[in-house]
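Keep in mind that what you see is a predicted model, and the values were worked out from it rather than measured. The figures here come from the full heavy-atom set of this structure, side chains too, leaving out hydrogens, waters and symmetry mates.
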Amino acid sequence: MGQRQYTTRRLGIVESLVDLLKDIDGTGEFLSNLDQNVSPRLKFWDEVEEFPALHLNAGSETRQYQAGGHKDRFLSLTIRCYVKEEDSVAALDALLEDVETVLEENSRLRYKDRNNADQYTQQITVVSIDTDEGVLEPLGVAEMLLEVRY
């Protein structure tokens with residue numbers, strides 16, 4: 001049986017992003033230290049025990065059909081950010097800035113497909129960013145919605 005030309009690559013993309021986001025360690029250009037606290041799945045508030053934390057979730061996926069049988073794929077991805085600080089708004093802003101820095105530096109993200117071959121995204125776009133604006137202080141939560149084109 002031959003290998004499929006088209007397979008979903010959701011897991012590979014999420015795993016690569018998780019690995020890159022774990023590099024947010026408060027050194028160099030980073031303002032936050034995640035201490036490797038990045039998860040490839042969303043968790044509820046009561047499940048979050050260590051702060052700051054990032055949780056990723058792959059959402060819906062769409063296709064755009066091009067000439068010659070080529071398909072562009074668009075994956076919705078949610079990154080939920082959790083902080084617990086006296087000034088949660090400032091802490092969230094710093095963490096979101098760090099996440100955006102990682103995304104901008106890796107817009108052409110390298111990841112592995114199911115056949116363990118290297119693949120690359122075409123583009124990662126930040127669609128929206130929402131925060132709780134401090135209403136839960138000292139806890140803070142933000143959600144960044146991404147569109148990954150591959």
Side-chain angles (χ1 to χ4, degrees), residues 4 6-64 71-150:
R4 295 180 181 199
Y6 292 105
T7 59
T8 184
R9 298 176 180 169
R10 301 160 61 92
L11 185 60
I13 291 169
V14 169
E15 287 176 347
S16 286
L17 273 175
V18 165
D19 288 343
L20 287 170
L21 291 167
K22 283 182 178 179
D23 290 340
I24 298 174
D25 61 1
T27 65
E29 63 189 333
F30 294 122
L31 306 170
S32 310
N33 182 0
L34 286 171
D35 198 27
Q36 302 272 318
N37 195 9
V38 183
S39 171
R41 69 174 190 89
L42 290 184
K43 293 183 181 179
F44 293 106
W45 263 114
D46 58 349
E47 295 178 283
V48 180
E49 295 174 357
E50 296 178 37
F51 298 90
L54 294 179
H55 299 157
L56 283 71
N57 182 55
S60 63
E61 195 171 341
T62 59
R63 311 278 191 273
Q64 192 174 66
K71 294 180 204 171
D72 283 337
R73 295 161 179 245
F74 298 88
L75 173 63
S76 296
L77 195 68
T78 301
I79 301 177
R80 192 154 304 141
C81 309
Y82 297 101
V83 297
K84 186 175 184 179
E85 301 229 359
E86 191 173 310
D87 187 349
S88 66
V89 174
L92 273 177
D93 283 348
L95 182 54
L96 288 165
E97 191 176 313
D98 288 342
V99 170
E100 240 182 308
T101 298
V102 169
L103 295 174
E104 286 174 9
E105 291 175 355
N106 296 280
S107 186
R108 191 163 151 71
L109 176 72
R110 185 179 76 181
Y111 64 95
K112 299 279 188 189
D113 66 13
R114 283 204 230 216
N115 302 321
N116 208 32
D118 281 343
Q119 301 290 340
Y120 293 88
T121 61
Q122 294 177 33
Q123 182 177 340
I124 299 175
T125 305
V126 176
V127 175
S128 67
I129 298 173
D130 290 309
T131 73
D132 68 354
E133 296 300 327
V135 298
L136 301 172
E137 231 162 41
L139 299 174
V141 64
E143 197 169 81
M144 182 181 286
L145 299 179
L146 308 177
E147 179 183 76
V148 180
R149 180 178 183 163
Y150 69 97

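Looking at D113, its side chain never comes within 3.5 Å of a backbone N or O of R9 through a donor-acceptor pair. Of the possible polar contacts, one joining the T121 side chain to the L109 backbone as a donor-acceptor pair under 3.5 Å is found. A donor-acceptor pair under 3.5 Å is absent between the side-chain atoms of T125 and the main chain of V127, judged by distance alone.
Using a 4.5 Å cut-off on side-chain heavy atoms (C-beta onward), L34 and P52 make contact. Counting heavy atoms from C-beta outward, R149 and F74 have side chains that approach closer than 4.5 Å. In this structure, D132 and L92 have side chains that are in contact, with non-hydrogen atoms separated by less than 4.5 Å. For the pair I79/L146, a side-chain contact is recorded, criterion being any heavy-atom separation below 4.5 Å from C-beta on.
Evaluation of the salt bridge (Lys or Arg N to Asp or Glu O under 4.0 Å) rule for D87 yields no partner, not counting sequence neighbours. Under the side chain to side chain donor-acceptor pair (under 3.5 Å) criterion, E86 pairs with no residue, sequence neighbours left out. Applying the side chain to side chain donor-acceptor pair (under 3.5 Å) criterion to D118, with sequence neighbours excluded, gives K112. Annotation: side-chain contact (heavy atoms from CB on, under 4.5 Å) contacts of S128 (sequence neighbours excluded): D130, L145. Under the side-chain contact (heavy atoms from CB on, under 4.5 Å) criterion, A58 pairs with R10, V14, L75, L77, sequence neighbours left out. With sequence neighbours left out, the side chain to side chain donor-acceptor pair (under 3.5 Å) criterion links S16 to no other residue. Listed by chain and number, the residues in a side chain to side chain donor-acceptor pair (under 3.5 Å) with R110 amount to none (sequence neighbours excluded).
One distance of note links CZ of F30 with CD1 of I24; it measures 5.5 Å at 0.5 Å rounding. For the atom pair OG1 of T62 and CZ of R73, the computed distance is 10.5 Å after rounding to the nearest 0.5 Å. In this structure, CG in D93 is found 10.0 Å from CG in L31, a value given to the nearest 0.5 Å. In this structure, OH in Y111 is found 11.0 Å from CG in L17, a value given to the nearest 0.5 Å.
For residues 22-47, the set of pairs meeting the salt bridge (charged side-chain N to carboxylate O under 4.0 Å, His left out) definition, not counting sequence neighbours, comprises R41-E47. Pairs of residues two or more places apart, or lying in two chains, never qualify as side-chain hydrogen bond (donor to acceptor under 3.5 Å, both in side chains) while including a residue from residues 49-59. The ring pair (Phe, Tyr, Trp, His ring centres under 6.0 Å) pairs that include a residue from residues 88-107 number zero, where partners must be two or more places apart or lie in different chains.
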Residues 99-108 side chain polar contacts: donor-acceptor under 3.5 Å, at least two apart:
residue, atom, partner, partner atom, Å
T101, OG1, E97, O, 2.9
N106, ND2, V102, O, 2.8
S107, OG, I124, N, 3.2

Name each donor-acceptor pair under 3.5 Å that joins a side chain in residues 135-143 to protein atoms two or more places apart or in another chain, with its distance.
residue, atom, partner, partner atom, Å
E137, OE2, S88, N, 3.1
E137, OE2, S88, OG, 3.2
E143, OE2, R80, NE, 3.0
E143, OE2, R80, NH2, 2.6

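When all heavy atoms of L95 and A53 are compared, the closest pair comes out as CD2-O, 4.3 Å. Taking each heavy atom of Y150 and Y120 in turn, the nearest pair found is CB-O, 4.5 Å. Pairing each heavy atom of L54 with each of C81, the nearest pair is CD2-SG, 3.4 Å.
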